[in-house]
Undergrad: 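The structure is given below, and queries will be raised subsequently.
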2 protein chains.
Amino acid sequence: MSARNTDTKEEILRIGKQLIQFYGYNAFSYADISRELNIKNAAVHYHFRGKEDLLMALVQNYIDNYQLLAQQLKAAPLKAVGKLDKFIERYTLLCETDSICIIGSIASDYNTLPDSVKEKVTELINLVMSLVEQTLAEGKRKGELVFTETPKTQALLIMTNLAAGVQLARISGKKDYEAIRKAIIRQVKS
Amino acid sequence: MSARNTDTKEEILRIGKQLIQFYGYNAFSYADISRELNIKNAAVHYHFRGKEDLLMALVQNYIDNYQLLAQQLKAAPLKAVGKLDKFIERYTLLCETDSICIIGSIASDYNTLPDSVKEKVTELINLVMSLVEQTLAEGKRKGELVFTETPKTQALLIMTNLAAGVQLARISGKKDYEAIRKAIIRQVKS
DNA sequence: ATAATAACTTACTAATAGGTAAGTTTTCCT
DNA sequence: AGGAAAACTTACCTATTAGTAAGTTATTAT
């Protein structure tokens, strides 16, 4: 309750995030959100004019979040493998709640989305990709990581392993995800 | 078969396949199918009682198709890389129509599906995974392929690269997919 | 030729979707 | 204390969804 509750907006984003990662964008409704928060449907529309706006805000939220992670990793006294681990950990957490990453979720519904969202998603992907790529490049330069592909390509391989890894885990179990996770590290370490 | 049209059922499956790979399971309706085929909504229900039954048939269709591919590859006078290429080619084709693989599409909507479908999808994944795994194992045994992971893990890596590769291509373009495709081959060749 | 049946169409449901306009309550600011 | 503005609720609306029952037309088998 904002004038009743100060953070309904953030709560909506929180639930929205959960729903899109668990069910997918086209499989949840404003009713799902309002039910969960014990508010009315129109209250959700008050904070986010339409579903498109909610998704937009959600993607922006992820952008902010990954920008923060990028900063933290830059400042952190961690080796490249440690930084990579920090990144991978996010996917491991998703996996534990049978959720998938928002990029994969949105990619699957991509052809049903308005252009505005598509552009924001491109922004998110570019950010995430360059974060991984730079971590890999830096690690290689410092001799902490070893791989033969370009950092960009290696980043693509890792990202796709993770994104589809959490998707696969839903169906064939978490062991497969764990095998993937360990293999990713092995491929750039050694 | 059909009084008016002999292959309406197969046409429905064809369109259904396209729709699920382009829009996703929760984003298409029987109306989309009937519009495309110039038949009425109820005609689709005549052939497939409900959307669940259609999806079920669709997944079974893929199972049949991959079983056929498995047989063809077994009989084909191809080296392991060639067999792998045949497999990868399917994803490359998907990519060209901005479509994604059915496994990734279903994985994204997985938590909205009935148990019956979930089981069939597991069957499909097991089939596809073992096809790749066996191709890799055989290639390694014959000295045609070189990789350090177990065939099972290497198959997981390749499958996730491809599944998420076509998803990513929707957003960030086909060049990224091509980079992934080439890297997959490099990783097991030489 | 006809009866059975397969393949439909017509004409409906009931439920849910996303969304809006107008009114009400709460909080904030002066 | 008294607005103004923010944060809602109430009460709708229209479109679409999956789905069904009953009737119609075409095909097939006898």
Side-chain angles (χ1 to χ4, degrees), chain A residues 1-20 22-59 105-106 108-109 111-117, chain B residues 1-20 22-59 105-106 108-118:
Chain A
M1 337 177 165
S2 218
R4 289 86 188 264
N5 185 344
T6 323
D7 44 25
T8 299
K9 192 163 186 171
E10 279 162 37
E11 287 285 281
I12 293 172
L13 283 170
R14 212 194 82 235
I15 303 295
K17 197 171 164 176
Q18 277 177 22
L19 289 170
I20 200 171
F22 194 78
Y23 293 115
Y25 179 68
N26 286 315
F28 83 87
S29 69
Y30 270 32
D32 293 323
I33 296 175
S34 54
R35 201 184 308 116
E36 180 79 23
L37 296 177
N38 281 310
I39 57 179
K40 299 297 157 182
N41 216 293
V44 185
H45 279 284
Y46 171 76
H47 289 287
F48 300 98
R49 198 183 285 253
K51 215 181 166 186
E52 174 184 338
D53 304 77
L54 174 60
L55 182 59
M56 202 72 167
L58 226 58
V59 175
S105 180
I106 290 180
S108 296
D109 288 341
N111 291 326
T112 70
L113 302 177
D115 286 348
S116 56
V117 178
Chain B
M1 327 214 222
S2 96
R4 285 85 184 276
N5 186 339
T6 325
D7 42 25
T8 299
K9 192 163 186 172
E10 279 162 38
E11 287 286 280
I12 293 172
L13 283 170
R14 212 194 81 235
I15 303 296
K17 198 171 164 177
Q18 277 178 21
L19 289 170
I20 200 172
F22 194 79
Y23 294 115
Y25 179 69
N26 287 315
F28 83 88
S29 69
Y30 269 32
D32 294 322
I33 296 175
S34 54
R35 200 184 310 117
E36 180 80 22
L37 295 178
N38 282 310
I39 55 178
K40 299 296 157 184
N41 216 292
V44 185
H45 279 284
Y46 171 76
H47 290 287
F48 300 98
R49 197 183 286 253
K51 217 181 164 185
E52 174 184 337
D53 303 78
L54 174 59
L55 182 59
M56 202 72 167
L58 227 57
V59 176
S105 181
I106 290 181
S108 296
D109 288 342
Y110 198 69
N111 292 326
T112 71
L113 302 177
D115 286 348
S116 55
V117 178
K118 287 184 180 178

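We name chains A, B, ... by the order of the sequence lines, and we start the count at 1 in each one.
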Undergrad: Strictly distance-based, threshold 3.5 Å: is any side-chain N or O of Asn26(B) a donor or acceptor partner for the main-chain N or O of Asn26(A)?
TA: no
Undergrad: To the nearest Å, give me how far apart CG (Asn38(A)) and P (dA7(D)) are.
TA: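 Rounded to whole Å, this separation is 19 Å.
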Undergrad: How many whole angstroms separate atom CG of Asp53(B) from atom P of dG19(D)?
TA: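 That distance rounds to 8 Å.
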Undergrad: Would you mind reading off the distance between Asp7(B) atom CG and dA6(C) atom P, rounded to a whole angstrom?
TA: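 Distance, rounded to whole Å: 18 Å.
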Undergrad: Please report the interatomic distance CG(Asp109(B)) to CD1(Ile20(B)), rounded to the nearest 0.5 Å.
TA: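 It is 7.5 Å, given to the nearest 0.5 Å.
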Undergrad: For the backbone of Lys51(B) and the side chain of Tyr30(B), can you confirm whether one donor and one acceptor N or O come within less than 3.5 Å of each other?
TA: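 Looks like yes, one N/O pair under 3.5 Å.
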Undergrad: Assign a letter to each nucleotide of nucleotides 10-21 of chain C from its 5' end: B, base within under 4.0 Å of a protein heavy atom; S, sugar-phosphate only; -, no contact.
TA: B------SSBBB
Undergrad: At less than 4.0 Å, is any side-chain N or O atom of Tyr46(B) found next to OP1 or OP2 of dC8(C)? Yes or no.
TA: no
Undergrad: Does atom OH of Tyr23(A) have more than 12 heavy-atom neighbours, drawn from other residues, nucleotides or ligands, at distances under 6.0 Å?
TA: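 Atom OH in Tyr23(A) is not crowded, with 12 or fewer foreign heavy atoms closer than 6.0 Å.
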Undergrad: So, is Thr8(A) close to the dA7(D) phosphate, meaning a side-chain N or O under 4.0 Å from OP1 or OP2?
TA: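 Checking Thr8(A) against dA7(D): no side-chain N or O falls below 4.0 Å of OP1 or OP2.
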Undergrad: Can you measure from CG (Leu19(A)) to NZ (Lys17(A)) and round to the nearest 0.5 angstrom?
TA: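 Here the rounded value is 12.5 Å.
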Undergrad: Mark yes when over 12 heavy atoms from residues, nucleotides or ligands other than Lys118(B) sit less than 6.0 Å from its NZ; otherwise mark no.
TA: yes
